[in-house]
*Asks:* 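One structure, as structure tokens, below. Some questions next.
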Amino acid sequence: MMGRVCVVTGASSGIGKATSVALAGLGATVVLVCRDTTRGEAAIAEVTAAAETAATHDGDRTAAPRLELADLSSMAQVRELATRLAALPRLDVLINNAGLVVARRQLTVDGLELSLAVNHLAPFLLTNLLLPALRASAPARVVTVSSLAHRGALLNLGDLQLERHYTAMRAYANSKLANILFTRELTRRLAGTSVTANCLHPGTVRSHFGDTGALWLRPGLQTRGSFLRSPQAGAPTVVYLASAPHL
């Protein structure tokens, strides 16, 4: 991945951070999109260490990792982020990883249901705004982290924001199905452009993902934590889709 520029959203912890570290270890220049400055800077330190180790082994030094701060629940901040990312010299891989599950129905500053906004609308908007940069860097890739939870989805276009029948897992499942439907249509529209789109299920991973979830979800994840996959075990599929030469 030497010379490739990879953008990873939700990169301050969990699969996003593990993916960023792994890509830096392969020689990529990684741009970490995080919401929190402190956690973002801590993640940058780990990714920098991986990049320096790769440079020591390979003899080639890539550009230093970069931190971009953005709250992906705000579509204005997504647009501002896209403007900054579009100014990069190149953009080879966009990894839409950021996601959450929310215990009670909340609205964003834009009046959108929070999990739909962060899990689907933000990557939908960011990807579309960055398509010119991806096409200019082709061959390029879009990788979106979805989930097998999509099997529990029930997309009702008459109540897309679940104003009438909200549950945390229904909202999450719907957003993950939306990720998959978006990827399938994006693939169709990108045919012949040398920009590809894939989505994946990384497995159930120990991370901060459940921190904003329902009260029943948090102890469940904590109790089962030792049986869940580590972020490092969840990242390889993302890294594979970002880097495998034959894809």
Side-chain angles (χ1 to χ4, degrees), residues 7-16 19 33-35 70-79 81-82 94-130 142-187 189 197-205 207-218 220-221 228 231 234-235 237-238 241:
V7 171
V8 183
T9 68
S12 64
S13 64
I15 295 173
T19 296
V33 178
C34 305
R35 184 179 59 178
D71 182 347
L72 299 184
S73 71
S74 163
M75 296 303 113
Q77 290 199 36
V78 172
R79 290 181 180 278
L81 172 66
L94 171 62
I95 299 175
N96 294 311
N97 165 75
L100 48 70
V101 59
V102 186
R104 58 181 178 81
R105 187 174 184 274
Q106 300 177 47
L107 298 181
T108 70
V109 293
D110 303 302
L112 302 168
E113 191 276 311
L114 181 57
S115 52
L116 179 68
V118 173
N119 296 355
H120 171 60
L121 296 177
F124 174 90
L125 179 58
L126 183 64
T127 301
N128 276 284
L129 292 174
L130 291 177
V142 177
V143 178
T144 301
V145 178
S146 184
S147 169
L148 283 178
H150 79 274
R151 293 175 176 174
L154 183 61
L155 279 175
N156 175 4
L157 298 184
D159 188 24
L160 190 59
Q161 300 204 66
L162 300 180
E163 295 177 74
R164 297 191 295 273
H165 302 291
Y166 182 89
T167 68
M169 291 312 296
R170 174 58 51 78
Y172 179 71
N174 284 359
S175 70
K176 295 293 102 178
L177 178 58
N179 290 159
I180 296 169
L181 296 174
F182 169 55
T183 300
R184 290 174 66 90
E185 177 61 16
L186 182 62
T187 298
R189 296 190 185 198
N198 285 284
C199 58
L200 69 134
H201 168 63
T204 306
V205 171
S207 69
H208 294 290
F209 169 77
D211 289 356
T212 55
L215 293 176
W216 56 263
L217 178 63
R218 278 177 269 173
L221 289 175
L228 300 180
T237 306
V238 186
L241 292 176

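Predicted, not measured: the structure shown is a model, and the values here were computed from it.
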*Asks:* Could you list the donor-acceptor pairs under 3.5 angstrom formed by side chains in residues 148-155, with sequence neighbours left out?
*Replies:*
unit_1 : atom_1 : unit_2 : atom_2 : d
His150 : ND1    : Ser147 : O      : 2.9

*Asks:* Looking only at heavy atoms, which two atoms of Phe182 and His120 are closest? And how far apart?
*Replies:* CB-CE1, 3.9 Å
*Asks:* Taking side-chain hydrogen bond (donor to acceptor under 3.5 Å, both in side chains) as the cut-off, I'd like each qualifying pair that reaches into residues 152-162, sequence neighbours left out, listed once.
*Replies:* none
*Asks:* Could you please spell out the steps behind the side-chain contact (heavy atoms from CB on, under 4.5 Å) verdict for Leu129 and Phe124?
*Replies:* CA-CA 9 Å; Leu129 292 174; Phe124 174 90; over 6 Å; no
*Asks:* Is there a donor-acceptor pair closer than 3.5 Å between any side-chain N or O of Ser175 and the backbone N or O of Tyr172?
*Replies:* yes
*Asks:* Counting distance only, does the side-chain N/O of Asn97 pair as donor-acceptor with the main-chain N or O of Val145 below 3.5 Å?
*Replies:* no
*Asks:* Could you tell me which non-hydrogen atom of Ala11 sits nearest to which non-hydrogen atom of Cys34, and how far apart they are?
*Replies:* C-SG, 3.9 Å
*Asks:* Please round to the nearest 0.5 Å and tell me the distance separating atom CD of Gln77 and atom CG of Leu125.
*Replies:* 12.5 Å
*Asks:* Taking all heavy atoms of Ala168 and all of Val101, pick out the closest pair and write down the distance.
*Replies:* O-CG2, 3.8 Å
*Asks:* Where the side chain of Thr9 meets the backbone of Ala98, is there a donor-acceptor pair that is under 3.5 Å apart?
*Replies:* yes
*Asks:* What's the spacing between Leu126 CG and Leu72 CG if we round to 0.5 Å?
*Replies:* 7.5 Å
*Asks:* Which pair of non-hydrogen atoms, one from Leu100 and one from Ser115, has the smallest distance, and what is that distance?
*Replies:* CD1-CA, 3.7 Å
*Asks:* Considering non-hydrogen atoms only, spot the tightest contact between Thr108 and Ser73 and give its length.
*Replies:* CB-O, 3.5 Å
*Asks:* Any donor and acceptor pair, going by atom type alone, linking the side chain of Asn179 with main-chain N or O of Thr144 inside 3.5 Å?
*Replies:* no
*Asks:* Report yes if some heavy atom in the side chain of Val143 is under 4.5 Å from a heavy atom in the side chain of Leu94; otherwise report no.
*Replies:* no
*Asks:* Working to the nearest 0.5 Å, report the span between CG of Leu177 and CG of Asn119.
*Replies:* 12.5 Å
*Asks:* Going through the checks in order, is the side-chain contact (heavy atoms from CB on, under 4.5 Å) test met by Val142 and Leu186?
*Replies:* CA-CA 9 Å; Val142 177; Leu186 182 62; 4.2 Å; yes
*Asks:* Rounded to the nearest 0.5 Å, how far does CZ of Arg104 lie from CD of Gln106?
*Replies:* 4.5 Å
*Asks:* Can you spot which of Thr19, Val33, Leu241 makes a side chain to side chain contact (heavy atoms under 4.5 Å, CB included) with Ile95?
*Replies:* Thr19
*Asks:* In Å and rounded to the nearest 0.5 Å, what is the CG to CG distance from Asn174 to Leu162?
*Replies:* 5.5 Å
*Asks:* Rounded to the nearest 0.5 Å, what's the gap from OG on Ser146 to CG on Asn96? Could you check?
*Replies:* 11.5 Å
*Asks:* Of all the heavy-atom pairs spanning Leu112 and Ala117, show the shortest one and how long it is.
*Replies:* CB-CB, 4.1 Å
*Asks:* Could you give me the CA-CA distance, side-chain angles and deciding distance for Glu113 and Arg105, then say whether side-chain contact (heavy atoms from CB on, under 4.5 Å) is met?
*Replies:* CA-CA 7 Å; Glu113 191 276 311; Arg105 187 174 184 274; 4.2 Å; yes
